[in-house]
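Numbers restart at 1 for each chain; the letters A, B, ... are given by sequence-line order, proteins then strands.
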Protein chains: 2
Amino acid sequence: MSVGNTFFKTAFSVDNVIFGFDNSSLKILLIKRAERPFKDYWALPGDLVFPDEDLDNAPKRVLKELTGLENVFLEQVATFGKTDRHPKGRVITVAYYSLVNIANVNPKAHSFANELAWHELSEIHTLAFDHMLIMQTCLQTLKSKVRTQPIGFELLPQKFTLSELQDLYEAVLGKPLDKRNFRKKILSLGVLLDQEEYQQGVAHRPAKLFQFDRHRYEEAKSMGYTFEV
Amino acid sequence: MSVGNTFFKTAFSVDNVIFGFDNSSLKILLIKRAERPFKDYWALPGDLVFPDEDLDNAPKRVLKELTGLENVFLEQVATFGKTDRHPKGRVITVAYYSLVNIANVNPKAHSFANELAWHELSEIHTLAFDHMLIMQTCLQTLKSKVRTQPIGFELLPQKFTLSELQDLYEAVLGKPLDKRNFRKKILSLGVLLDQEEYQQGVAHRPAKLFQFDRHRYEEAKSMGYTFEV
DNA sequence: ACAAAAGTGTTGTGTTTACACCCATGT
DNA sequence: ACATGGGTGTAAACACAACACTTTTGT
């Protein structure tokens with residue numbers, strides 16, 4: 001496996017599927033391409049990997065440039081490398097997904113050169129390159145991960161109600177869940193901290209607010225416990 | 001995302017963790033490196049990706065060169081891209097794993113330039129580069145996949161006994177399983193075809209041979225059914 | 001006759017599902 | 001007073017775990 005010059009013909013990028021949750025729907029952050037190919041198409045935010053940069057750093061950098069966020073959930077999903085996936089040359093891309101709380105996304109970042117917007121998942125039908133496929137792969141990963149690991153919280157504000165959490169799970173899994181069973185299950189995990197605090201100014205019985213206990217959450221994660229919803 | 005020349009400094013490889021199962025132990029196929037760096041270390045078989053080759057083709061090519069096998073189970077696992085993972089330069093590598101029946105591996109392939117051998121998993125303690133990490137990541141993926149998808153069969157000969165299948169599961173999962181529960185579970189999936197045929201020449205009651213029903217297996221796979229052992 | 005592995009059911013325990021009504025608040 | 005979503009328990013069905021003895025063959 002010698003590193004000969006003939007092999008430096010391939011470029012290397014990352015693409016980031018940034019999930020957010022708002023008004024009970026699941027969204028992802030897209031940029032509108034300003035250049036050809038696929039000019040004016042919506043696309044996943046991404047960039048080439050710098051030659052002196054660890055691979056995992058590239059999606060962090062992209063995320064921070066776009067949203068101002070650091071230290072959020074971000075995981076590698078898969079690598080896409082068909083020879084014809086980029087019309088301008090050979091570009092292999094590593095897909096990542098991240099989970100962010102939309103409210104925390106710095107709006108200043110939107111003054112970025114490219115047009116930037118949250119899109120509801122159900123309304124995305126075409127994207128540049130093979131980004132549809134990449135997006136669907138990441139969604140699939142999110143779906144299966146959310147059922148067995150407590151990562152849903154990453155998409156919510158610090159304090160949330162159980163109904164908000166349930167709406168989120170329903171949006172991700174794309175199916176309705178039983179309220180009583182959902183609550184029993186999620187509370188039995190012991191990763192929710194009762195804040196003894198309530199919603200205010202709602203035209204119905206105010207809901208209790210919960211926060212999630214990052215310490216117990218880490219324990220649960222490392223124990224690979226199972227959580228079927 | 002323009003494909004500028006400054007970015008063609010990175011080389012691109014695949015590495016393949018080839019699992020086999022033999023004498024009730026799980027093994028992987030390693031090559032002994034003939035060149036520096038890591039001369040005389042055991043390493044995962046891999047190669048650079050050709051500039052005009054689909055990424056997924058590269059591990060197929062590596063597998064075929066080494067074993068003579070085609071059309072076996074092969075899946076992408078993850079991509080490793082720390083800047084310092086290869087002492088000679090920047091090499092990003094995509095890890096794949098495959099499941100093969102050791103008996104089918106063409107012994108002629110062993111006349112390959114490099115020394116080639118099956119190693120028991122429990123006896124592998126050091127490998128070249130970051131291949132230990134890659135191997136462990138693939139093993140982890142195999143473990144979790146084998147619990148929920150019927151991929152174990154890929155490691156066995158066409159006809160096998162239920163005890164052989166159980167031995168395999170025990171080797172992969174690293175823990176003993178209850179015989180009666182295992183049989184109930186596996187038969188209830190309906191992916192095993194009773195061959196009405198028995199072992200011969202064994203010094204005990206001969207076991208029934210099963211074959212697995214690829215058709216039903218595909219159905220089960222696509223239905224994402226769950227199978228906890 | 002003995003050794004070796006094959007084969008086979010039942011019962012208790014825990015988990016999952018299905019389901020309907022009262023409660024607290026704002027208007 | 002009414003509309004809105006919040007909050008709660010129980011019973012039936014199902015899945016899982018634990019467990020021991022008989023059968024068939026070769027030597």
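- Partners of Ala58(B) under the side chain to side chain contact (heavy atoms under 4.5 Å, CB included) rule, at least two apart in sequence or in another chain, are Val14(B), Val49(B), Glu53(B), Arg61(B).
- Between Phe153(B) and Phe212(B), the ring planes are parallel. Angles under 30° get that label, and only those over 60° would be called perpendicular.
- Atoms CZ (Arg183(B)) and C1' (dC19(D)) sit 16 Å apart, rounded to a whole Å.
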Distance-only donor-acceptor hits, side chain of residues 22-29 of chain A, under 3.5 Å, sequence neighbours excluded:
unit_1	atom_1	unit_2	atom_2	d
Ser25(A)	OG	Asp22(A)	O	3.4
Ser25(A)	OG	Glu120(A)	OE2	3.4

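- Between the P atoms of dG5(D) and dC19(C), the separation comes to 23 Å (whole Å).
- Separating the CG atom of Asp194(B) from the C1' atom of dA6(C) is a distance of 14 Å, rounded to the nearest angstrom.
- A search for side chain to side chain contact (heavy atoms under 4.5 Å, CB included) contacts involving His119(B) returns Leu30(B), Trp42(B), Ala117(B), Ile124(B), not counting sequence neighbours.
- Per the geometry, CG belonging to Leu187(B) stands 12 Å off P belonging to dG9(C), to the nearest Å.
- Taking the six-membered ring wherever Trp is involved, the centroid distance between the rings of Phe129(B) and Tyr41(B) does not fall below 6.0 Å.
- Looking only at atom types and distance, the side chain of Gln166(A) has a donor-acceptor partner in the side chain of Glu170(A) under 3.5 Å away.
- If you take NZ of Lys185(A) and C1' of dT16(C), they are 8 Å apart, rounded to a whole angstrom.
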What is the per-nucleotide protein-contact pattern of nucleotides 19-27 of chain C, from the 5' end, where B denotes a base atom under 4.0 Å from a protein heavy atom, S denotes such proximity for sugar-phosphate atoms only, and - denotes neither?
BB--BBBS-
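- Secondary-structure annotation of DNA chain D gives the stems C:1-11 with D:17-27, C:13-21 with D:7-15, C:23-27 with D:1-5, with a stem taken as at least 3 successive Watson-Crick or G-U pairs whose two distances both fall under 3.5 Å.
- Counting non-hydrogen atoms under 4.0 angstrom, Ser163(A) reaches the backbone sugars and phosphates but no base.
- In this structure, Phe182(B) places its CZ atom 17 Å from C1' of dA15(D), rounding to the nearest Å.
- A pairwise comparison of heavy atoms in Ile151(A) and Tyr97(A) identifies CD1-OH, 3.9 Å as the closest pair.
- Regarding Glu164(B), its CD atom lies at a distance of 11 Å from the P atom of dG7(C), rounded to whole Å.
- Here dT8(C) presents its P atom at 15 Å from CD1 of Ile186(B), a figure rounded to the nearest Å.
- Not counting sequence neighbours, the partners of Glu164(B) by the side chain to side chain contact (heavy atoms under 4.5 Å, CB included) test are Phe160(B), Thr161(B).
- Straight-line distance from the CZ atom of Phe210(A) to the P atom of dG7(D): 7 Å, rounded to whole Å.
- Closest approach of Asn101(A) to Pro157(A), counting heavy atoms only: ND2-CA, 3.1 Å.
- Side-chain nitrogen and oxygen atoms of Lys208(A) include none within less than 4.0 Å of the OP1 or OP2 phosphate oxygen of dG7(D).
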